[in-house]
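The structure presented is a predicted model; accordingly, all values stated were derived computationally and were not measured. Scope of the values below: all heavy atoms of this structure, side chains included, with no hydrogens, waters or symmetry mates.
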Amino acid sequence: MLFVVAGVLAVVPDRLLRQCAPWRSEILAGVWGGLGLLALVGAVCRLEGGVSWFPVFGMDGPALPMLVLLAFTGGLMGTGQRGLACALTGLAFLALSPLVFGLLAGTALVLLADRGRQGVCLPFAVIPACIPADSPLSPPALCLMVLLLGWAVSSQKGPEAVLPAGIGLFLLGRLLAEVGVLPPVQQGLLIVSGGTVALWGAVQAVRSPAASGILAGVASAGYGGLVVMLTLALAASVKGGELFRTATLLATGAPFLALLAALWLARQEGGLFSPGSAVAQARGARGALGASLLLLSAVPPLGGFSVFWCLLSAGEVAAAHTHPAQALCLLLVLAAAACIMALGTVGLLRVGFAAFVRQKPASGRSVKQSAGPVGEAPSLSSVLLLPAWICVGCAALVTVLPGGWLALVDHLFAGNTPRDFSWKILAHVQFAGSDLSLTPVYALLALGVCGAGAAGLGRVFKVFPLRPAILGAAVWRDGAPYVATSEQEEVAAEPSSVPMPAVWSALGMLLGADGQTPSSWPVVEKTGAGARYLQAVLFRTVAWCEAQGMVLILLFLGAGLLLGLFAAK
């Protein structure tokens with residue numbers, strides 16, 4: 001019923017709402033917030049079942065975790081056809097019949113489609129819902145669905161870019177859970193189609209001229225990567241499927257929410273790349289954008305790094321317990337995933353460079369010039385920044401407590417080892433039957449201790465990696481020769497005239513190093529000479545190994561055969 005209310009409020013004309021029309025966005029946000037809380041409670045309590053008085057909709061394992069993610073998307077999409085599409089998608093997730101799901105999800109995709117070919121092609125993406133999972137037509141239909149929904153994701157310009165990806169993952173997870181283990185040919189088709197979508201999105205993230213297009217490309221690349229990981233998790237007959245499933249579940253957490261915040265900010269006030277963008281000038285918007293980009297990136301120990309770590313661990317375990325040919329294919333898939341992540345990071349750097357370097361906040365006289373006759377700097381309302389900060393805060397919470405998130409969305413995709421809520425695993429990423437674990441809180445504490453220690457040592461020894469900033473001329477002196485006064489000369493000379501503490505000067509005199517720089521010490525000179533010699537030897541060795549690579553491979557193969565003959569039992 002709340003989904004129906006959200007859909008009606010999204011499209012009803014203002015004249016029918018009368019005095020409530022100015023509060024439409026706030027009312028919709030409250031409705032989506034209530035939906036999210038209800039879905040969260042249902043996912044925690046593992047509620048399942050149908051509605052007796054209307055047996056068309058019901059709740060099962062994957063529906064409620066997906067509704068938690070959908071609530072964030074619906075709260076950001078607002079009114080119009082986009083909001084109606086989000087409400088129809090929520091009803092599709094609750095549908096018990098494949099035909100009802102196909103009808104509602106297809107209508108939502110049509111509402112998201114642009115005019116032209118997409119409106120005709122996108123409804124074909126829900127065909128796999130109406131085909132038996134064991135039918136020979138199911139794998140080609142799934143590949144077509146992945147390609148069409150990847151196209152839909154890459155063409156959006158806001159938070160609605162994640163909606164087709166959610167539909168595709170929900171349907172793909174259900175169908176693969178019914179099928180079980182796919183044959184190698186069908187599994188290869190899904191991996192190739194997901195890799196194609198991921199590469200397509202990564203190239204768009206590098207080449208798109210708009211920030212919204214770059215982030216849509218990142219979303220498309222992430223959707224393709226999730227398809228590949230989900231295929232390996234639910235359809236691979238190799239050890240390590242649970243690790244691939246964990247990586248997929250983690251990718252639906254912090255990276256998803258951070259991407260929503262970045263997409264929301266990129267759509268405000270004409271985008272980030274427009275001259276005088278309000279997002280690039282407002283301090284709160286810059287902070288939210290920087291935090292979302294960091295959570296999206298692979299900087300340890302944030303959300304993107306957790307996914308990449310799980311993916312590498314899964315590839316290592318799978319390659320160590322499978323056939324050599326299949327292990328080589330897995331390693332190639334991991335190498336391609338690393339390259340696509342690198343291209344996506346380049347796209348994030350483009351957005352960050354446009355927001356933090358090319359468009360620095362205006363100050364002084366430039367603020368008045370950019371603001372026009374009113375004399376105010378461009379700014380965003382706190383109401384517009386609140387959704388972005390909510391998404392960023394939830395993404396940071398999921399990053400710190402990944403175990404709780406994994407237990408919450410455990411039923412999103414089928415698996416063999418269910419997770420339960422426990423205080424012992426809230427801050428850890430653990431795998432059943434493996435000693436591998438990741439605790440982001442410890443990594444954050446270690447980075448904080450290292451940063452504080454480096455700052456303390458720099459303050460004690462007066463050694464800093466960056467030179468102190470030197471203030472330039474005042475704004476009203478632009479174009480005039482700079483003449484330093486006596487007070488400014490004393491201020492400029494102050495950092496170099498700070499006396500060394502008596503303890504350190506006495507220690508320098510005791511060691512015979514008084515008045516000498518570290519570069520003139522004999523120990524430093526000898527260490528530098530030895531390091532240069534070792535570097536030259538290393539470079540010559542590497543050059544020889546590159547020239548004699550085939551010979552070394554044959555030697556290692558022979559040594560391995562001999563070792564196997566003598567060491568075999």
Side-chain angles (χ1 to χ4, degrees), residues 73 76-77 82 109 112-119 121-122 125 143-169 190-229 251-252 255-268 270-274 277 279 289 292-298 304 307-308 333 335-355 358:
T73 309
L76 293 178
M77 288 176 65
R82 313 290 183 180
L109 291 175
L112 290 176
D114 296 329
R115 295 180 180 179
R117 294 174 294 177
Q118 278 195 351
C121 298
L122 287 186
C143 295
L144 179 64
M145 177 199 72
V146 172
L147 294 174
L148 288 177
L149 293 182
W151 179 27
V153 172
S154 63
S155 62
Q156 303 301 322
K157 298 180 180 179
E160 60 270 11
V162 301
L163 202 57
I167 294 174
L169 289 175
L190 279 176
I191 291 177
V192 169
S193 59
T196 302
V197 172
L199 182 60
W200 182 359
V203 172
Q204 177 180 341
V206 175
R207 299 185 58 184
S208 178
S212 58
I214 293 173
L215 294 174
V218 173
S220 180
Y223 168 63
L226 288 177
V227 169
V228 174
M229 289 190 293
T252 60
F256 178 87
L257 297 175
L259 182 62
L260 274 179
L263 286 167
W264 167 257
L265 292 173
R267 197 178 64 175
Q268 303 299 320
L272 293 172
F273 287 1
S274 60
S277 172
V279 175
L289 180 64
S292 62
L293 294 180
L294 281 177
L295 289 168
L296 266 174
S297 64
V307 177
F308 191 54
V333 170
C339 294
I340 290 173
M341 288 190 70
L343 292 177
T345 304
V346 172
L348 297 179
L349 288 175
R350 290 184 63 200
V351 176
F353 180 80
R358 286 173 43 184

**Nearest atoms (heavy-atom pairs only) where Ala125 meets Leu148** = N-CD1, 3.9 Å
**Request:** Would you give the length of the straight line joining atom CG of Leu289 to atom CG of Leu294, rounded to the nearest 0.5 angstrom?
**Result:** 9.5 Å
**Prompt:** Roughly how far, to the nearest 0.5 Å, is the CG atom of Leu343 from the CZ atom of Arg207?
**Reply:** 12.0 Å
**Complete:** Value for CG (Leu263) from CD1 (Ile214), rounded to nearest 0.5 Å, stands at 11.5 Å
**Prompt:** Below 4.5 Å, heavy atoms only, C-beta onward: do Val218 and Tyr223 meet side chain to side chain?
**Reply:** no
**Message:** Any heavy-atom pair between the side chains of Val153 and Leu163 that's under 4.5 Å?
**Reply:** no
**Fill in**
All heavy atoms of Ile167 vs all of Leu149, minimum pair found to be C-CD1, 4.5 Å
**Fill in**
Nearest heavy-atom approach of Ile191 to Val228 is O-CG2, 3.8 Å
**Request:** Indicate the atoms forming the closest heavy-atom contact of Ala266 with Leu215, along with that distance.
**Result:** CB-CD1, 3.7 Å
**Request:** Calculate, to the nearest 0.5 Å, the distance between atoms SG and CG belonging to Cys121 and Leu147 respectively.
**Result:** 11.5 Å
**Prompt:** Given side chains that start at C-beta, do those of Val162 and Gln156 come closer than 4.5 Å, heavy atoms only?
**Reply:** no
**Minimum heavy-atom distance between Pro255 and Leu296, given as atom pair plus value** = O-CD2, 3.4 Å
**Asked** Between Arg82 (side chain) and Leu112 (backbone), is there a donor-acceptor pair under 3.5 Å?
**Response** yes
Distance-only donor-acceptor hits, side chain of residues 193-206, under 3.5 Å, sequence neighbours excluded:
from: Ser193; atom 1: OG; to: Leu189; atom 2: O; distance (Å): 3.1
from: Ser193; atom 1: OG; to: Leu190; atom 2: O; distance (Å): 2.8
from: Thr196; atom 1: OG1; to: Val192; atom 2: O; distance (Å): 2.7
from: Gln204; atom 1: NE2; to: Ser154; atom 2: O; distance (Å): 2.9
from: Gln204; atom 1: NE2; to: Gly213; atom 2: O; distance (Å): 3.0

**Request:** With sequence neighbours left out, write down each residue that passes side chain to side chain contact (heavy atoms under 4.5 Å, CB included) with Leu295, or none if nothing qualifies.
**Result:** Ala258, Leu302, Val392, Ala395, Thr399
**Message:** Taking the side chain as everything from C-beta on, heavy atoms only, tell me whether Leu109 gets closer than 4.5 Å to Pro164.
**Reply:** yes
**Message:** Has Arg350 got a side-chain atom pairing as donor or acceptor with Ser208's backbone, closer than 3.5 angstrom?
**Reply:** yes
**Asked** How far does CG of Leu259 sit from CH2 of Trp264, to the nearest 0.5 angstrom?
**Response** 14.5 Å
**Message:** Donor-acceptor check, side chain of Ser220 to backbone of Ala216, threshold 3.5 angstrom: yes or no?
**Reply:** no
